[in-house]
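Structure first, commentary second.
Since the structure is predicted, the reported quantities are computational estimates derived from the model, not experimental observations.
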Amino acid sequence: MSQFNNVTVDVAANVYFDGNVTSRKVTFADGSFKTLGIMMAGEYEFGTEAAELMEITAGDISILLPNSDEWLDIQGGQSFNVPANASFKVKVRSLTDYCCSYL
């Protein structure tokens, strides 16, 4: 994925963790949506409402998924799934671009 066509992008950013994580909502013609964002280096914990597919388009992170005690290394070009109604931890080692799809 390098671009989306025929979409609407929210101008206002979602801003988290004092501006260290931001995203923008991209809505498709069928009403489905994704968020595109960046994460600055740091450690964060996120919560989900819906199941998510998180694609790391550039960067270097480690994740700790729910019900796991093993950190997984993820780099640009890789992705991971997070279940609904869960939380997961992220250690961002370098500026990271991501695309989050809601399943």
List, one per line, each side-chain donor-acceptor pair under 3.5 Å for residues 8-15, sequence neighbours excluded.
unit_1	atom_1	unit_2	atom_2	d
Asn14	ND2	Ser23	OG	3.2

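In this structure, the side chain of Ser62 does not engage the main chain of Lys91 through any donor-acceptor pair within 3.5 Å. With hydrogens and angles ignored, the 3.5 Å screen pairs no side-chain donor or acceptor of Ser68 with any backbone N or O of Pro66.
Contacts of Ala41 classified as side-chain contact (heavy atoms from CB on, under 4.5 Å), with partners at least two apart in sequence or in another chain: none.
Residue Leu65 is found in a hydrophobic cluster whose other members, listed by chain and number, are Tyr16, Phe17, Val21, Ile38, Met39, Met40, Tyr44, Phe46, Met54, Ile56, Ile61, Ile63, Leu72, Ile74, Phe80, Val82, Phe88, Val90, Val92, Leu95, Tyr98; membership requires side-chain heavy atoms under 4.5 Å apart, directly or through intermediates. Side-chain contacts under 4.5 Å among hydrophobic residues (ILVMFWY), followed directly or transitively, place Leu53 together with Leu103.
Taking SG from Cys99 and CD from Glu52, the interatomic distance works out to 11.0 Å, rounded to the nearest 0.5 Å.
Heavy-atom minimum distance, Glu55 versus Ser101: OE2-OG, 3.9 Å. Residues Thr22 and Gly19 approach most closely at CG2-O, 4.0 Å, considering heavy atoms.
Screening residues 71-81 for salt bridge (Lys or Arg N to Asp or Glu O under 4.0 Å) gives Asp73-Arg93 as the qualifying pairs, with residues at least two apart or on separate chains. The salt bridge (Lys or Arg N to Asp or Glu O under 4.0 Å) pairs that include a residue from residues 37-46 number zero, where partners must be two or more places apart or lie in different chains.
Ring orientation note: the planes of Tyr102 and Phe33 are tilted relative to one another, at an angle of 30° to 60°.
In the displayed structure, Asp69 atom CG is contacted under 6.0 Å by at most 12 heavy atoms of other residues, nucleotides or ligands.
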